[in-house]
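The block underneath contains the structure these notes are about, expressed in structure tokens.
Please read these numbers as outputs of a predicted model, since none were measured by experiment. Just the heavy atoms: all of them, side chains too, but no hydrogens, waters or symmetry mates, feed the values below. In each ligand, atom 1 is the first atom listed, and ligand 1 is the first ligand listed.
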Amino acid sequence: MQHMKWIGGTIAGSAMMFAATSAFAVTIGFSQVGDEGDWRPAFSADMKAEATKEGIDLKYADAQGKEEEQLKAVRAFIAQKVDAILIAPVVVTGWDQVLKEAKAAGIPVFLADRDVDVADKSLFVTRISADFNLEGKLAGAWLAQASKGQCNVVEEQGTTGSAPAIERKKGFEAVISNFPNMKIVKSESGNFTTDGGKQVMESFIKATDGLKGICASFAHNDNMQLGAIQAMKEAGLKPGKDVLMVSVDYVPAMKQALAAGDANASVELRSAIGKYIYPVITGWLKDKKELPKWIVIPSDLHTAATPGS
Ligand code: AHR
């Protein structure tokens with residue numbers, strides 16, 4: 001069985017896989033993390049619009065960042081006997097039991113965006129998402145060249161226990177560990193929000209006497225970085241100049257920060273991914289053909305030098 005498949009790898013195959021199977025009316029229960037930052041509302045809006053376009057009856061549940069709300073929503077979908085359940089899991093742990101209940105009810109589960117840590121992988125059909133570890137690596141590689149391998153980094157982590165926070169950190173560290181003079185000297189969670197990123201950067205500025213000896217800020221998402229930029233400006237610092245700023249998502253407000261020179265690089269996490277996700281679900285409901293456990297959506301690096309690239 002193929003473990004992983006890149007979207008866009010074999011364009012022909014993917015297009016074939018995504019086009020042919022859309023027109024198939026189903027009811028899908030979607031348990032969404034919440035609406036933190038700018039990226040997730042854009043993702044949710046795309047999922048709702050694409051569902052309408054494809055004639056899918058989407059039951060949407062916003063968990064406001066709480067796993068217990070997601071577990072409740074999934075159990076409600078099971079009771080409603082939806083055709084399929086789609087989950088963007090807020091954190092990776094705590095899913096075994098409810099996924100077993102969905103399986104016992106004969107309802108297939110698909111994962112979008114984030115991941116779960118379950119021993120029995122047959123509890124879900126497939127995951128359709130970006131490769132968060134690769135995103136961390138792209139950010140680390142960009143910083144290594146931009147700093148010529150000499151850099152003390154402060155890190156704004158995402159939601160503790162979430163797949164993007166775990167994997168972006170791992171990917172970033174995997175790259176900078178190749179450079180003896182690159183290291184993370186401070187790291188705290190800003191929970192993927194602008195306010196969270198601002199508070200974390202304010203504490204870093206205090207703890208380092210105004211970011212003395214700090215060469216870069218690596219934020220697990222743009223919103224935290226935008227908060228960090230605010231905090232730095234309020235402290236009289238020049239983000240993007242005094243300190244290199246690299247993050248993930250490439251939301252519109254970050255495009256502006258890149259163009260203004262307040263930030264230097266952002267790894268794009270595509271938000272318009274409904275067109276990839278729904279055909280995978282409806283296709284599987286139609287033919288039950290085994291799928292790779294992970295269908296990967298590409299991530300692209302954007303820099304101040306090439307903001308629109
Ligand atoms: O799961 C993806 C992450 O979730 C995004 O990078 C972040 O903006 C959101 O909170």
Side-chain angles (χ1 to χ4, degrees), residues 7 30-47 62-67 69-70 86-93 95 110-117 124 127-140 142 155-172 188-200 217-229 245-258 263 265-274 276-277 294-302:
I7 283 183
F30 177 27
S31 171
Q32 174 63 296
V33 170
D35 59 1
E36 78 289 351
D38 296 355
W39 183 85
R40 193 153 306 275
F43 170 40
S44 300
D46 174 78
M47 290 298 285
D62 174 339
Q64 286 300 305
K66 301 190 192 74
E67 183 174 27
E69 289 301 319
Q70 290 205 285
L86 179 65
I87 307 172
V90 61
V91 290
V92 296
T93 50
W95 290 97
F110 298 78
L111 306 177
D113 174 36
R114 294 188 181 179
D115 202 1
V116 296
D117 184 4
F124 64 91
R127 174 188 175 208
I128 307 118
S129 80
D131 180 343
F132 299 136
N133 190 287
L134 174 67
E135 293 173 339
K137 287 193 173 96
L138 287 171
W142 175 83
E155 178 185 34
E156 291 94 29
Q157 291 187 44
T159 304
T160 306
S162 70
I166 294 166
E167 291 302 326
R168 284 172 187 163
K169 184 173 184 51
K170 265 196 214 157
F172 184 83
E188 250 181 73
S189 174
N191 205 22
F192 285 130
T193 66
T194 306
D195 288 349
K198 187 165 189 246
Q199 283 157 26
V200 166
S217 162
F218 168 49
H220 290 186
N221 84 339
D222 287 346
N223 281 90
M224 291 190 291
Q225 193 79 301
L226 293 164
I229 288 169
M245 311 293 283
V246 56
S247 55
V248 182
D249 279 352
Y250 194 53
V251 295
M254 181 47 75
K255 289 180 192 170
Q256 286 161 15
L258 288 168
S266 178
V267 179
E268 180 175 2
L269 178 68
R270 299 183 190 186
S271 56
I273 56 176
Y276 302 135
I277 293 169
W294 189 15
I295 297 173
V296 182
I297 299 168
S299 301
D300 311 307
L301 174 74
H302 299 266

Arg114 side chain to Ala163 backbone, donor-acceptor under 3.5 Å:
no
The answer, listing residues by chain and number that come under 4.0 Å of ligand 1 through any heavy atom, is Glu36, Trp39, Arg40, Asp113, Arg114, Phe132, Pro164, Arg168, Phe192, Asn221, Asp249, Leu269
Find out whether Val116 and Phe124 are in side-chain contact, i.e. whether some heavy atom of one side chain is under 4.5 Å from a heavy atom of the other.
yes
List the residues meeting side-chain contact (heavy atoms from CB on, under 4.5 Å) with Ala272, not counting sequence neighbours, and say none if there are none.
Asp46, Lys275
Polar contact flag, side-chain donor to acceptor under 3.5 angstrom, Asp222-Ser247:
yes
Residues forming a ring-ring contact (aromatic ring centres under 6.0 Å, His included) with Trp142, sequence neighbours excluded
none
Could I get the full list of side chain to side chain donor-acceptor pair (under 3.5 Å) partners for Gln199, not counting sequence neighbours?
none
